[in-house]
Student: 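Mind looking over this structure? Questions follow.
In this chain, residues are counted from 1 in sequence order.
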Amino acid sequence: MRIAIYGRVSTSHQVDHQTIEQQLGRLSAHVHAHAAEGWILDPAHVFRDDGYSGAILARPGLDRLRDAVKGREIDRVLVTAPDRLARNYVHQMVLLEEWAQAGCAAEFLDRPMSDDPHDHLLLQIRGAVAEYERTLIAERMRRGRLAKLRAGLLLPWTRAPYGYRMSPDRPRDPRGVTTDPAEAAVVAELFALYREPGTSLLQLAQHLDAHGVPTPSGTPRWSSPTIRGILRNPTYTGQVYAQRTRYRAPTHRRSATHPIGRPHGSAVPQPADSWIPVGPVPAMVSRVHFDEVQAKLATNRSFARRNNTAHRYLLRALVSCGCCGLACTARAINGRNFYYLCSGKGHSTFSHRATCCPARHTPANQLDALVWNDLCSLLGSPEPLAAAVARAHGGAWLPQELLARRETLRRAQAHLSQQIERLTDAYLRAVLPLDEYERRRRDLEHRMQALADQEELLHNDAQRQQHLAGVVTSLEAFRERVQHGLANATFEQRRQLVLLLVDRVVVTNDEVEIRYVLPTSPESEHVRCNYPRPCQQAQFLNPWGDGSH
């Protein structure tokens, strides 16, 4: 029997004290104790998650374990306790049912499980208690941290802002904060230079790079967001504040051209009257100078390039460079020539690239016309949309093929059932000994299980076919509604339709790739597909100047 063991700890304190090693040691000893029963533990089947909460399922070790179970590489999973697997009872049930469907059993050393309903009830109770304890501990820690912040006993950050140092003996005590003379001089110079008329954040970054000032994170170049964060931090006035920002879950992908990974949230600024004053620290700038800088930042924000709508670009914020993967910004040269220009062609301080991108300027009028004509041709005929949906779903069988496969499986299952009946009849008549009967029956049952798995996959494919038919119907209704007004659409109407249907336009030299997003329901026709999870989209490749898909 192929065995896998899994261990998990939540905090770095538990990691440092090797409690996960204790879990894995107990599990390995349990496997060795059953070696005579054929239990085998492959070193590749030892899974662990150091410092991951049991409240989430997104854990590297657990993901690898689930992949191994899905691949039928494991017959039994050993865990010390249910809360080491997951603290949420629903998550526990998801994992146990998923493994049971793959023919893998789960065993907990602290509470062995069986098919007894009392054991399942106890597992539910333990899962509920673990979830309650997690919520209670989190709430106590939050309120305790809040009380310490209000009492001035705890710093709101674990990493000091640029220019400050925390005491090694009291790293979270506000009274142990000191200044770094060199970095404090840089901070004071930044505030002084930015107050001068005509100075921008990019100029400050170039000034620091020219003088060889090291960046806070050790990267080769300073950036405008880093300097903006320094200039907006009220800590430099001599007062530490807590709860200046609030965490917000991600609402869109970081980049449409980069692989989708774990999404990152955003820190939303909070009103100043909701901040919690923690305690004083050495000041680097006066309050008057800090307020002048904030006023200039607010004024310059209204003149940002993203707010410049003097010229109309159909594909504004939708074009990317296929050479370097950076976004392309719309640019008017001499007020007459309009281009989509790769950000990698700018200054290295702005592009964060050591070399200039070799991509050419893309004429905006030609690209806008190309994409709009391609979109019109796409919506003008139902065949491209139906083919796109079929590709997005990986293809589907025709209904008659589904029925034929289902009938074939039904006949095969009936034939195996007859074989089992004849085998049992032969055993009852003493034609076969018990060992031979069990061996043959076990083989037939395995074949029956394989057919049952194929039937389940066929059922899923049939459901997908039904869903696909509904998607095609919804797309056809949407196409019929919008195609009649395409010829007379205003610029704003064209812009709204492009934002809805075009995910990204990637320009690589003389080739254009248009990534369309298909609304699969009437509700999705009003929502732009910019969420952090993969969208249902199909890709169409277009050579430059050709409107074919």
Student: Can you see whether Tyr6 engages Asp49 through a side-chain donor-acceptor pair at a distance of less than 3.5 angstrom?
Tutor: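 Side-chain D/A pair, Tyr6 to Asp49: present.
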Student: For Tyr236, give me all partners under ring pair (Phe, Tyr, Trp, His ring centres under 6.0 Å), at least two apart in sequence or on another chain.
Tutor: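 Counting only residues at least two positions away or on another chain, Tyr236 forms a ring pair (Phe, Tyr, Trp, His ring centres under 6.0 Å) with Tyr164.
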Student: Under the side-chain hydrogen bond (donor to acceptor under 3.5 Å, both in side chains) rule, what pairs show up with a residue in residues 271-285, not counting sequence neighbours?
Tutor: none
Student: Could you tell me which non-hydrogen atom of Leu314 sits nearest to which non-hydrogen atom of Trp372, and how far apart they are?
Tutor: CD2-CB, 4.1 Å
Student: Report yes if some heavy atom in the side chain of Leu318 is under 4.5 Å from a heavy atom in the side chain of Leu499; otherwise report no.
Tutor: yes
Student: Sequence neighbours excluded, which residues qualify as salt bridge (charged side-chain N to carboxylate O under 4.0 Å, His left out) partners of Arg221?
Tutor: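 Testing Arg221 for salt bridge (charged side-chain N to carboxylate O under 4.0 Å, His left out), a comparison that skips the adjacent residues, returns none.
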Student: In terms of heavy-atom contacts, does NZ of Lys148 have more than 12 from other residues, nucleotides or ligands at under 6.0 Å?
Tutor: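 Count not over threshold, so no.
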Student: Who pairs with Arg232 by salt bridge (charged side-chain N to carboxylate O under 4.0 Å, His left out), at least two apart in sequence or on another chain?
Tutor: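 With neighbours one apart ignored, the set is empty.
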Student: Can you check whether Val278 reaches Pro156 side chain to side chain, under 4.5 Å on heavy atoms?
Tutor: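 Answer yes - side chains close enough.
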Student: Over all heavy atoms of both residues, which pair between Tyr516 and Val371 is shortest? Give the atoms and the distance, please.
Tutor: OH-O, 4.2 Å
Student: Quick one: side chain to side chain donor-acceptor pair (under 3.5 Å) partners of Glu492, sequence neighbours excluded?
Tutor: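 Glu492: no side chain to side chain donor-acceptor pair (under 3.5 Å) contacts found.
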Student: Kindly write out the residues that satisfy salt bridge (charged side-chain N to carboxylate O under 4.0 Å, His left out) with Glu196, not counting sequence neighbours, or none if the list is empty.
Tutor: none
Student: I'd like to check the side chain to side chain donor-acceptor pair (under 3.5 Å) partners of Arg159; sequence neighbours left out, ordered by chain and number.
Tutor: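 Arg159: no side chain to side chain donor-acceptor pair (under 3.5 Å) contacts found.
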Student: Using side-chain heavy atoms (C-beta onward) and a distance below 4.5 Å, is Asp63 in contact with Phe47?
Tutor: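 They are not in side-chain contact.
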Student: Can you tell if the side chain of Val506 reaches within under 4.5 Å of the side chain of Arg515, non-hydrogen atoms only?
Tutor: yes
Student: Within a strict 4.5 Å, meaning less than it, do heavy atoms of the Arg494 and Asp368 side chains meet?
Tutor: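 Side-chain contact under 4.5 Å: no.
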Student: Are any of the side-chain heavy atoms of Pro282 and Thr179 separated by less than 4.5 Å?
Tutor: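 Touching, per the 4.5 Å side-chain cut-off.
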Student: Work out which heavy atom in Leu208 is nearest to a heavy atom in Leu190; give both atom names and the distance.
Tutor: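 Shortest heavy-atom contact: CD1-CD2, 3.8 Å.
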Student: Which atoms form the tightest heavy-atom contact between His91 and Ala86, and what is the distance?
Tutor: CB-CB, 3.8 Å
Student: Establish, yes or no, whether the cationic atom of Arg59 lies under 6.0 Å from the six-membered ring centre of Tyr52 and within 45° of the ring axis.
Tutor: no
Student: Looking at residues at least two apart in the chain, or sitting in another chain, which of them share a ring pair (Phe, Tyr, Trp, His ring centres under 6.0 Å) with Phe191?
Tutor: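 Residues passing ring pair (Phe, Tyr, Trp, His ring centres under 6.0 Å) with Phe191: none at all.
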Student: Would you list the pairs meeting side-chain hydrogen bond (donor to acceptor under 3.5 Å, both in side chains) in which at least one residue belongs to residues 200-210, sequence neighbours left out?
Tutor: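 The answer is Glu189-His207, Asp209-Thr349.
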Student: Compare all side-chain heavy atoms of Leu95 with those of Leu62 and state whether any distance is below 4.5 angstrom.
Tutor: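 Side-chain contact under 4.5 Å: yes.
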Student: Is it true that atom CZ of Arg175 has more than 12 heavy atoms of other residues, nucleotides or ligands lying nearer than 6.0 Å?
Tutor: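 Count not over threshold, so no.
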Student: Indicate the atoms forming the closest heavy-atom contact of Arg172 with Leu155, along with that distance.
Tutor: NH2-O, 2.5 Å
Student: For Arg145, give me all partners under salt bridge (charged side-chain N to carboxylate O under 4.0 Å, His left out), at least two apart in sequence or on another chain.
Tutor: none
Student: For Thr178, enumerate each residue passing the side chain to side chain donor-acceptor pair (under 3.5 Å) test, keeping only those at least two apart in sequence or located in another chain.
Tutor: none
Student: Applying side chain to side chain donor-acceptor pair (under 3.5 Å), can you list everything that pairs with Arg244, at least two apart in sequence or on another chain?
Tutor: none
Student: A side-chain contact here means heavy atoms from C-beta on lying under 4.5 Å apart; do Cys328 and Val507 qualify?
Tutor: no
